[in-house]
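As the structure lists them, so they are numbered: ligands from 1, and atoms in each ligand from 1. Not measured: the values here are computed from a predicted model.
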Amino acid sequence: MELCIKNGVVVDWSGSFEGDIYIKDGIISEMGRNLNKHCKTIDAKGLIVMPGFIDLHVHFREPGYTYKEDIESGSRAAVKGGYVMVNLMANTNPVCSTVEIAKGVSKRAKEVGLVEVNQVLSITKDFTGHDLSHLESINKGEVKIISEDGKDVMNSEVMLNAMVKAREKDITVMCHCENHDLSKIDMRLAENTMTWRNLTLAQYSGCKAHFAHVSTKESMEYIIRSKRKGHKVTCEVAPHHLIHTDEKQYRVNPPLRDTEDINYLKEAIQQGYVDAIATDHAPHSQEDKKNGAPGISGIETAFSLCYTELVKGGWIDLCKLSEVMSKRPSEILEVNKGTIDIGYDGDLVLIDIDKNYTIDSKNFLSKGKNTPFNNMKVYGEVKTTIKGGRVVYEKEEDDLNDYR
Ligand code: DOR
C-alpha cells in the first residue's frame, strides 16, 4: 500500500519544511519536494501535516460501560481528533487486571482498525487496594503500563511493592495522585500529598513513574524538582486544566484549579518539564453526568483547544505542541511514532490551522457529549487522519460552524 501527501507544510518537534511525504507499507519511505509517485495522492496545499497524536490517558469504557463509550465509538472520536494511538485506562468492568482482558481489548481495537491501543493493567488486582498477585505472572514486555486510575493505591507499602515489581519487569507506573482520606477535606491537599508520596516511592524503588493529569502548581513543582535530580519521572497535563478555572463549576477529577495553577502549568510546558498533553477522555452518559460523574469527553477537542490556547496564545510554537502531543507520548509508550522522518510509522494528521469553528458536542462522534467547552470558538481543524498510510478519518462537508 502506498500513499503520497503533497504540498503540505510538514511540522514535527524538530522543525518544518514544505513538501511531500511518501508512505510505503505503512512506513514513511521518502520525503522531499516534487516527489513523483504513481499512487494514491492527497493534496495538502494550505494544510499543516503533523505526526498523528498519541493520547496517554483515555477511557474507552469497554468492557462493561459501553453505554458511555465503546472501542468503536471511542476510536472514531479519536481519529476525528487527529489521534493514531491511545493508552486505555483499566477502570472497566471487569477491571482490566489480566493480560487476557488486555488482549481482548487490543483484538477488538484491531477489528475496528482505526487507532492503535495500549491497554493499561490495574496496579492492584480488581482495584482491591492490596492484591498484587496478578503482577507476578506478567512476562517482561507483555505490559507497558500499570495504573490504579481514579483510585490510586492508598496503602504505601502496597504501592512500594508494586513499584519494585514494576522496576523488575520494566513496567511504567502511571500515578493518579489523590489521597482519598483528604479528598473530602481539600482536593488540592489530596493531590499534592499523593504526588509527593508517589514521587518519593518511585525514587526509592527506581521504577519509571508517569504522573497523570497534574493540575496543581505544587504538584508540578515537586515533579520539576525530581526531574532536575535526574529521576525517571514523566508527567502529563490535560487541556481542561490549562483553560478553565474552578469558576466554571464543571466536575472533573482532579478538579479545575486556579489561574495561578494554569499559568504555572503553561510555563512548565514552555520550559520542557511537561512530557505530554493527555486528554483524560472520560465520556459519560447524560444521566451519569447529572448524578455527579466526574470527567470530560475531550479527545475530539484537544488539538483545537491546545492550538488556540497555547500556540495562538503565544505560549509555545507548533513544534513544541507536536512534541507533547506526539513525540514524547510515543517515547513513553515505546512506539515508532511521533516524528516525521524516514523509517517512522506513516501516521499523520492534516490540519487547517486557520479554520475557526465553535465547539458543539452535538457533533461529537464519542457517545459522551460531556464537555465544558461548548460554544467556545477555537482554531485548527483536523481534516484528515492517516494511520499506517491509510486514511482513517476525513472531515466531510463543512458545517454551519464554518466561519471562513
Ligand atoms: O474525571 C475523571 N474521570 N477522573 C478520573 O480519574 C476518572 C475519570 C473517569 O473514568 O470517568
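- Salt bridge Glu72/Arg108: present, at least one basic N to carboxylate O contact under 4.0 Å.
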Report all side-chain donor-acceptor pairs from residues 246-254 shorter than 3.5 Å, counting only partners two or more places apart or in another chain.
from   : atom 1 : to     : atom 2 : distance (Å)
Tyr250 : OH     : Thr371 : N      : 3.0
Arg251 : NH1    : Gly292 : O      : 2.1
Asn253 : ND2    : Glu178 : OE1    : 3.1

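- Within the 6.0 Å centre-distance limit, the rings of Phe53 and Tyr83 are counted as a close aromatic pair.
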Mind running side chain to side chain donor-acceptor pair (under 3.5 Å) on Asp55 and Thr279 for me, showing each step along the way?
CA-CA 7 Å; Asp55 196 340; Thr279 63; 2.4 Å; yes

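- Checked against the 6.0 Å centroid criterion, the rings of His213 and His176 qualify as a close aromatic pair.
- At a heavy-atom cutoff of 4.0 Å, ligand 1 is surrounded by His59, Arg61, Asn91, Asp149, Gly150, His176, Val252, Asn253, Asp280, Ala282, His284, Pro294, Gly295.
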side-chain contact (heavy atoms from CB on, under 4.5 Å) between Val117 and Asn87: does it pass, once the steps are laid out?
CA-CA 6 Å; Val117 306; Asn87 189 41; over 6 Å; no

